[in-house]
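One structure is given here, and the rest of the page talks about it.
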Amino acid sequence: MDEAVALRAVYERLSARYDIDSWHWRPATPALDVCLGAILVQHTTWGNVEKALANLRAAGAFSIEALLRLPPDELAGLVRPAGLPATKAGRLQSFAGLAVAAGGLEALLSVSSPELRLRLLATPGVGPETADVILLYAAARPAVVHDAYTERLCRRLGLGPAPKSYAAWRDWQDVLLPCDVALRQRFHAAVVLHCKETCRARPRCAACPLLDLCPAGKGRMAAASI
DNA sequence: ACCCAGGGTCATA
DNA sequence: TATGACCATGGG
């Protein structure tokens, strides 16, 4: 079976099992929440991000303007639960500066997708994955988000591009996935939800909905641990 | 005590 | 193109 069919099957099975509404970036999630969360979640778990976001709200710092007003070390204190506090405080302020320069967050998120992606990537602390999360979930553009979960899942299924770069993975998905915002949101959300549930906690789960998609033989064992 | 976590950046071969 | 060190905290 070719890769387009296989990836489509992954989408069908996982989106049927995992609801986008149990995902922290649902369609109704405010854009600012998505943007700040996307930066804070780098190399940390979502639970820690929630604590940091709660600290920001409690301190009245949950706005582009307030973020820029706050002294860096004070902001770092609020963000500490998410790890890398000094680094992430600076990144939040860089992003806030980008939004202000564009005339506000709404204005920033309304520029064309290619231009928006370039501006995001030019912002310190915003790399390709963070930029694509913002494009897909905050700006509702049909972007592809690649991440460690997607890569691990695809590799175990024997899918994916030969090059290991983010760009190669993103381009690969971009060709195979229908260019639909809601679909791409559901796909990414379902992959992550599935991997978080089964990857470490329940290796070799016999009820894995992707069991029949993996290569025969040894691959079947590997698939069971997806 | 140790290992890992939706990453980004900088240095190096 | 790709690998390694670094950032620093919370949870298993």
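The sequence lines fix the lettering, A, B, ..., with proteins before strands; numbering per chain opens at 1.
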With rounding to whole Å, what would you report as the distance between B:dA1 and C:dA8 at their P atoms?
-> 23 Å

Any side-chain hydrogen bond (donor to acceptor under 3.5 Å, both in side chains) involving residues 105-125 of chain A? Give me the pairs, sequence neighbours left out, ordered by first then second residue.
-> A:Ser113-A:Arg141, A:Glu115-A:Arg119, A:Arg117-A:Asp132

Between A:Gln185 and A:Trp25, is any pair of side-chain heavy atoms under 4.5 Å apart?
-> no

State, with a plain yes or no, whether a side-chain heavy atom of A:Trp169 is found less than 4.5 Å away from one of A:Val144.
-> no

Given atom [atom1] of [X] and atom [atom2] of [N], what is their separation to the nearest angstrom?
| X | N | atom1 | atom2 | answer |
| --- | --- | --- | --- | --- |
| A:Tyr166 | C:dT1 | OH | P | 16 Å |
| A:Leu121 | B:dG7 | CG | C1' | 13 Å |
| A:Leu92 | B:dG8 | CG | C1' | 14 Å |

Give the ring-plane orientation class for A:Tyr137 versus A:His188, where under 30° counts as parallel, over 60° as perpendicular and anything between as tilted.
-> tilted

With distance as the sole criterion, is a donor-acceptor pair present between the side chains of A:Ser22 and A:Asp19 under 3.5 Å?
-> no

Within residues 175-193 of chain A: residues closer than 4.0 Å to DNA chain B (heavy atoms) | A:His188, A:Val192

Using a cut-off of strictly less than 4.0 Å between a heavy atom of the residue and any atom of DNA chain B, enumerate the qualifying residues of residues 27-42 of chain A by number.
-> A:Gln42

Just by distance, do the side chain of A:Glu129 and the backbone of A:Val145 share a donor-acceptor pair under 3.5 Å?
-> no

Ignoring hydrogens and angles, tell me if any N or O in the side chain of A:Arg184 forms a donor-acceptor pair with the backbone of A:Pro142 under 3.5 Å.
-> yes

Measure from the side chain of A:Ala148, starting at C-beta and using heavy atoms only, and say which of B:dG8, B:dG7, C:dA2 lies closest.
-> B:dG7

A:Lys164 has a side chain; which of C:dT3, B:dG8, B:dA5 sits nearest to it?
-> C:dT3

Residues at least two apart in sequence or cross-chain that pass salt bridge (Lys or Arg N to Asp or Glu O under 4.0 Å) with A:Asp33, listed by chain then number, are A:Arg57

What is the nucleic acid contact for A:Thr150, judged by heavy atoms within less than 4.0 Å: base, sugar-phosphate only, or nothing?
-> nothing

Enumerate, in order of first residue number, the stems that involve DNA chain B, defined as 3 or more consecutive Watson-Crick or G-U wobble pairs with both distances under 3.5 Å.
-> B:2-5 with C:9-12, B:7-13 with C:1-7

Calculate, to the nearest 0.5 Å, the distance between atoms CG and CZ belonging to A:Leu14 and A:Arg186 respectively.
-> 12.5 Å

CG-CZ distance between A:Asp147 and A:Arg170, expressed to the nearest 0.5 angstrom | 14.0 Å

For every nucleotide of nucleotides 4-12 of chain C, 5' to 3': is a protein heavy atom under 4.0 Å from its base (B), only from its sugar-phosphate (S), or from neither (-)?
-> ---BBSSS-

Check ion pair A:Arg8-A:Asp2 (N to O, under 4.0 angstrom) | no

